[in-house]
Amino acid sequence: MTHYDFGLFVIGAGSGGVRTANMASGLGVKVAIAEERYLGGTCVNVGCVPKKLFVYASQFQDQFDAAAGFGWTVDKSTFNWTSLIKNKNQEIVRLQKVYKNRLQKSGVRIITGRAQVLDAHTVAVDGKEYSAERILIATGGWPFVPDIPGKQHIVTSNDMFFLEQLPKRLIIVGGGYIAVEFAGILHGLGVNTTICHRGHKLLSGFDEDIRDFLAHEMTKKGINILFNTDIEAIENADDSFAARLIDGSKVNTDLVMYATGRIPNTTGFGLEMLGVELDSERAIKVNSDYQTNVPSIYALGDVTNRVNLTPVAIAEGMALVNKLYVNQLGPVDYDNIPTAVFSQPTIGAVGLTEAQAREKYPDIDIYKTSFTPMKNNLSGIDEKTLMKMIVIRSTDRVVGMHMAGPDAPEIIQGMAVAIRAGATKTVFDSTIGIHPTAAEEFVTLRDAVN
Ligand code: NDP
């Protein structure tokens, strides 16, 4: 029998890689994990975690303003960006330590440095070679920025977490998750924010009503959204920039951020030489067991560019370990994955959009409600909530739920369980609401609006 240094060698210590390593090691497999940058990957360092901390930071001014409606007098507030960055960095360092401790406690060998896959069973890190029965690629993705004149002036979400100072004016290019989340953050922190999006609506893939609602609410707050346009070139003008748009007009700004998608990290570490198959977007192709065309090499998470969400990478890691070491079949169910956007208002969604449901089923009922959240009746904040439920009339099955408004991600997480369990509209209707909440609206939707 061939002897290997490790049973499993994981490349990339992001959410998917770390969970796979910990779980496999816990089952007695000899595991190593190589990481060149930071433990915890994108989510912990330049993604979900610091993003959400920034979202919290950006909401205080609204809350100070709202306090007057509840009888409070709040003295003049000031905001210190440097202090936020420092505190955020401390929290990230704390989380990195948590990751490190957990890996060490599970018995995973952490190897710091850039890994190079030499052959189907050999990885080198900083010149030292390790053999492994299996190699897992979990190297995630990296922001994509299109080639335009002036590209060198562009920052991405990676840079936004470490800016030395806040700009007065900012243009964000893109209309996806990162663009709308950062627009809300920067606007909330007092930056004059413009979204420049090539499409005619934000958040492609989401329900049309939610897309329209979000753009409307963001515009009401004072975020400038330019649709159906793009930046042709960025020109440097002293210490600011002029963005030249495709119609020839110019927008002056202090900073240009691109949030135009992410590309899988698949270059420069040996995959090409080994003949690991990539798709047209350079994502690693895997079968339903996360196995590449080289049988001892596996891949999961953003590097496979399927559903690029942290909890999905984690679920894939657990499914892989179960498959390899517990001999349990349990592939990830990619249907009904709930998702949230931490825009302002926040969005939560699970299941089919109205358009998808209409295409799939002939008999769809739509339930919808829009209202002013209770707090806003006194707060003076002009932000509404939208809730929507999609039901197949013949079977009574709820197949889609969408919400924009305060706490939408928290509420939709619970609703996702009901949808997975196959809940019918009758089950929702017979569920007693919790009063007074926004969530209770989902169990009191009476008339289809179709
Ligand atoms: P998205 O794919 O969500 O959005 C990219 C946006 O950029 C789209 O609006 C797209 O337009 C536009 N775009 C793409 N290419 C170009 C181009 N060449 N020129 C101009 N515009 C362009 O990517 P993000 O970068 O926002 O986020 C990456 C991924 O990270 C998300 O898809 C998501 O999976 C994950 N993520 C999840 C979060 C969460 O769970 N809350 C938060 C942040 C990220 P069009 O629609 O026309 O293609």
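Ligands are counted one by one from 1 in listed order, and the atoms in each one are counted from 1 as well.
In this structure, the protein non-hydrogen atom closest to atom 26 (O) of ligand 1 is Ile178 N, 2.8 Å. Here the heavy atom of the protein found nearest to atom 7 (O) of ligand 1 is Thr260 CA, 3.2 Å. Of the protein's non-hydrogen atoms, Arg262 CD, 4.0 Å is the one closest to atom 30 (O) of ligand 1. From the protein, the heavy atom lying nearest to atom 35 (C) of ligand 1 is Asn308 O, 3.5 Å. Tyr177 CD2, 3.2 Å is the protein heavy atom nearest to atom 38 (C) of ligand 1.
When each of Glu208, Glu354, Glu441 is paired with Lys388, the salt bridge (Lys or Arg N to Asp or Glu O under 4.0 Å) condition holds for Glu354 and for no other.
Relative to atom 23 (O) of ligand 1, the option among Pro338, Gly176, Gly261 with the closest non-hydrogen atom is Gly261. Comparing Glu181, Lys51, Arg198 by heavy-atom distance to atom 13 (N) of ligand 1, the nearest is Arg198.
Heavy-atom proximity to Ser204, at under 4.0 Å, picks out these atoms of ligand 1: 46 (O). Using a 4.0 Å cut-off to heavy atoms of Ala259, the atoms of ligand 1 that qualify are 5 (C), 6 (C), 7 (O), 25 (O). Close approach of ligand 1 to Leu309 (heavy-atom distance below 4.0 Å) involves ligand atoms 37 (C), 40 (O). Near Ala340, the atoms of ligand 1 lying under 4.0 angstrom from a non-hydrogen atom of the residue are 39 (C), 40 (O), 41 (N). The distance from ligand 1 to the heavy atoms of Pro146 drops below 4.0 Å at these ligand atoms: 18 (N).
At least one heavy atom of Gly174 sits under 4.0 Å from some atom of ligand 1.
When only modelled atom types and interatomic distance are considered, Asp65 and Gln61 share a side-chain donor-acceptor pair under 3.5 Å. Residues Asn305 and Asp279 have side chains that never bring a donor and an acceptor to within less than 3.5 angstrom of each other. Looking at Thr139 and Asn265, their side chains never bring a donor and an acceptor atom within 3.5 Å of each other.
Checked by distance only, ligand 1 and Gly175 come closer than 3.5 Å through their nitrogen or oxygen atoms. The shortest N or O to N or O distance between Thr339 and ligand 1 is not below 3.5 Å.
Classification of Arg420 and Asp333 as a salt-bridged pair holds, one side-chain N sitting under 4.0 Å from a carboxylate O. A salt bridge is defined here as a Lys NZ or Arg NE, NH1 or NH2 lying under 4.0 Å from an Asp or Glu carboxylate O, and Lys221 with Glu217 fails to meet this definition.
Cation-pi contact between Lys201 and Phe227: absent, since separation from the ring centre below 6.0 Å together with deviation from the ring axis within 45° is not met.
Residue contacts with ligand 1, taken as heavy atom pairs separated by less than 4.0 Å, involve Asp230 solely via side-chain atoms from C-beta onward.
Ring geometry for Phe161 versus Phe182: interplanar angle over 60°, hence perpendicular rather than tilted (30 to 60°).
Aromatic ring centres of Phe213 and Phe206: separated by at least 6.0 Å.
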Step by step, would you call Asp254 with Lys168 a salt bridge (charged side-chain N to carboxylate O under 4.0 Å, His left out)? CA-CA 6 Å; Asp254 303 305; Lys168 286 199 165 55; over 6 Å; no
